[in-house]
Amino acid sequence: MATPYQRVLLKLSGEALGDGSSGHGIDPDGVQRIARQVARVAGLGVELAIVVGGGNILRGAQFSKLGATRASADYMGMLGTVINALALQDALEQQGLETRVQTAIEIRQVAEPFVRRRALSHLAQGRVVILAGGTGNPFFTTDTAAALRATELSCEVLLKGTKVDGVYTADPKKDKQARRYEELTYMEVLQQGLAVMDGTAITLCMDNGLPIIIFNLRTPGNLRRTVMGEPVGSLVTI
Ligand code: UDP
């Protein structure tokens with residue numbers, strides 16, 4: 001089936017892999033549900049790279065408030081993303097997909113180091129490439145890693161799967177007037193401080209003309225619909 005995209009980058013927050021209510025830990029059923037959605041998309045012949053977050057395990061900024069040195073806490077957070085990547089890899093392989101995990105921090109016994117050309121070669125061979133370890137640098141986020149990898153791997157879109165239906169003018173739980181943006185610009189996100197992704201990630205996408213789609217990953221079939229170009233969630237573009 002023809003899809004509008006040849007190669008996409010999916011950003012999965014750690015929370016998406018965590019327990020349904022707290023967002024902490026790893027929920028095997030939740031990981032399996034995501035793996036099934038990914039398998040459907042891979043079956044369409046779309047090349048798929050996935051950047052995994054680690055907020056279900058540890059966020060450096062939060063942990064450092066408890067007294068840890070920020071850089072050390074961030075390295076702990078990056079290692080957390082590797083744990084998530086291995087959980088996702090296992091679930092994807094149970095769906096019959098071929099996968100590779102590449103990490104920005106070398107952990108050779110469990111994953112390949114990130115090598116752009118090798119990642120491209122895996123994608124061309126139909127393997128789902130899971131990218132862990134963020135950018136490999138403290139003081140960054142996995143959203144920025146997603147923007148960076150999507151750009152360097154020439155992905156046509158960055159799909160950010162979340163637990164909400166998109167970007168809203170206000171918090172829909174608190175404000176009945178809140179409405180979802182179908183489309184908005186990078187500048188609107190930056191100027192209004194909308195909770196889409198951090199400013200570094202948005203700026204990188206803006207500078208490289210990389211569209212972002214924020215969508216609800218908890219709705220079954222949404223990943224497929226998004227990849228098929230159906231109007232799901234909110235599109236951030238120029
Ligand atoms: N992190 C980092 N550098 C990066 C990416 C991530 O230091 O390039 C650390 C940071 O401490 C962050 C944690 O890893 O809080 C987990 O990533 P993130 O918070 O982006 O995960 P998500 O919110 O997507 O689950």
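Here the structure is a predicted model, which is why all the values come from computation and not from measurement. Atoms within a ligand are numbered from 1 in the order they appear, just like the ligands themselves.
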Below 3.5 angstrom, do we get any N/O pair linking [X] and ligand 1?
X: Asp74; result: yes
X: Ala61; result: no
X: Thr142; result: yes
X: Gly60; result: yes
X: Thr81; result: no
X: Phe140; result: yes
X: Lys11; result: yes
X: Asp143; result: no
X: Leu12; result: no

Q. How far is atom 5 (C) of ligand 1 from its nearest protein heavy atom, and which residue and atom is that?
A.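 Of every protein heavy atom, Thr141 C, 3.3 Å lies nearest to atom 5 (C) of ligand 1.
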Report the residue from Asn222, Thr226, Ile34 that forms a side chain to side chain contact (heavy atoms under 4.5 Å, CB included) with Leu217.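 Checked Asn222, Thr226, Ile34 against Leu217; only one passes side chain to side chain contact (heavy atoms under 4.5 Å, CB included): Ile34.
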### Query
Cationic tip of Arg179 within the cone over Tyr181's six-membered ring, i.e. under 6.0 Å and within 45° of the normal?
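Flagged: Arg179 positioned over aromatic ring of Tyr181.
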Next on the checklist: Tell me the contacting part of Thr144 for ligand 1: side chain, backbone, both, or neither, using a 4.0 Å heavy-atom threshold, strictly below.
Outcome noted: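 Contact part for Thr144 vs ligand 1: neither.
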Min side-chain heavy-atom separation Glu112-Val129 under 4.5 Å
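Result no, sub-4.5 Å side-chain heavy-atom pair not found.
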Value for CD1 (Ile107) from CG (Leu79), rounded to nearest 0.5 Å, stands at 5.5 Å
Those residues at least two apart in sequence (or on a different chain) that pass salt bridge (Lys or Arg N to Asp or Glu O under 4.0 Å) with Lys163 are Glu15
Pro138 heavy atoms within 4.0 Å reach ligand 1 at atoms 7 (O)
Leu58 heavy atoms within 4.0 Å reach ligand 1 at atoms 13 (C), 16 (C)
Of Asp198, Thr135, Asn137, the one forming a side-chain hydrogen bond (donor to acceptor under 3.5 Å, both in side chains) with Thr144 is Asp198
Quick note, side-chain hydrogen bond (donor to acceptor under 3.5 Å, both in side chains) partners involving residues 34-45, not counting sequence neighbours, are none
